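Step one of this worksheet: look at the structure below.
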Amino acid sequence: MNDFNLLDIWREQNPCKIEYTRIRDAVTGRTASRIDRLLISKSLMLSVSRSSINPYPKSDHNVVAILLNLSVIPRGKGTWILNNPLLKDEMFCAMIRNVIKTFTTDEDYENNFLSWYDRFKRVVKTTAIKSDQKSNGFREP
């Protein structure tokens, strides 16, 4: 748990409570233990609304449950994916041809290709997003 920065959220939320996740009753040879854990990354601790151990009559193990509130975790930018139908749009293709023509005459194309490529991708992405928004009836703010 230490190596991977994990904690047992049920124990964190219930430091003094005694509950078991496995109960064995082979006719009065009853044993009980808490062998099932709710291990989560410590970074998710604040997003856990509730954790519980609930009886499950069809097994000798109880159910361990966790309720996560993922809305408290900030979302990143996400992944952009080209809307493929744009490739059938002649205006879009003409714009991209113009971007390619302009960018291949840039001196960074020969001298600093990685920097050139990052700028090129950014312009193609921006052009595609604007074209996609226009073709779907969206207006830029």
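None of the values given here were measured: they were computed from a predicted structure.
Proximity of a side-chain donor or acceptor of Arg11 to a complementary backbone N or O of Leu38 within less than 3.5 Å is not detected. The backbone N or O of Leu7 sits nowhere less than 3.5 Å from a side-chain atom of Glu12 that would complete a donor-acceptor pair. A distance-only check finds a donor-acceptor pair linking the side chain of Asn62 to the backbone of Tyr20 [under 3.5 Å]. Looking at Asp132, its side chain never comes within 3.5 Å of a backbone N or O of Ala128 through a donor-acceptor pair. Judged by distance alone, the side chain of Ser49 and the main-chain N or O of Leu68 form no donor-acceptor pair under 3.5 Å. Side-chain N or O atoms of Ser52 include none that pairs as donor or acceptor with a backbone N or O of Asn54 at under 3.5 Å. A donor-acceptor pair under 3.5 Å links the side-chain atoms of Ser47 to the main chain of Leu44, judged by distance alone.
Across Ile9 and Val48, no two heavy atoms sit closer than the pair CG1-CG1, 3.7 Å. Looking at every heavy atom in both residues, Lys42 comes nearest to Leu6 through CE-O, 3.8 Å.
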Return all side-chain donor-acceptor pairs below 3.5 angstrom for residues 90-104, not counting sequence neighbours, or 'none' if the list is empty.
| from | atom 1 | to | atom 2 | distance (Å) |
| --- | --- | --- | --- | --- |
| Thr102 | OG1 | Asn98 | O | 2.9 |
| Thr104 | OG1 | Ile100 | O | 2.9 |
| Thr104 | OG1 | Lys101 | O | 3.2 |

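Taking a cutoff of 4.0 Å between a charged side-chain nitrogen and a carboxylate oxygen, Arg34 and Asp8 qualify as a salt bridge.
Looking only at side-chain heavy atoms (C-beta outward), Glu19 and Trp10 come within less than 4.5 Å of each other. His61 has its side chain within reach of Ile35: a pair of non-hydrogen atoms, C-beta onward, lies under 4.5 Å apart.
The hydrophobic cluster containing Leu70 also contains Met45, counting ILVMFWY residues as joined when their side-chain heavy atoms lie under 4.5 angstrom apart, directly or transitively. Leu39 and Val64 fall into different hydrophobic clusters, where Ile, Leu, Val, Met, Phe, Trp and Tyr are joined by side-chain heavy atoms under 4.5 Å apart, directly or via other members.
A distance of 8.5 Å separates OG in Ser51 from CD1 in Ile40, rounded to the nearest 0.5 Å. The distance from atom CG of Leu86 to atom CG of Asp89, rounded to the nearest 0.5 Å, is 6.0 Å.
Counting Ile, Leu, Val, Met, Phe, Trp and Tyr side chains that sit under 4.5 Å apart, directly or through other members, Val63 shares a hydrophobic cluster with Tyr56.
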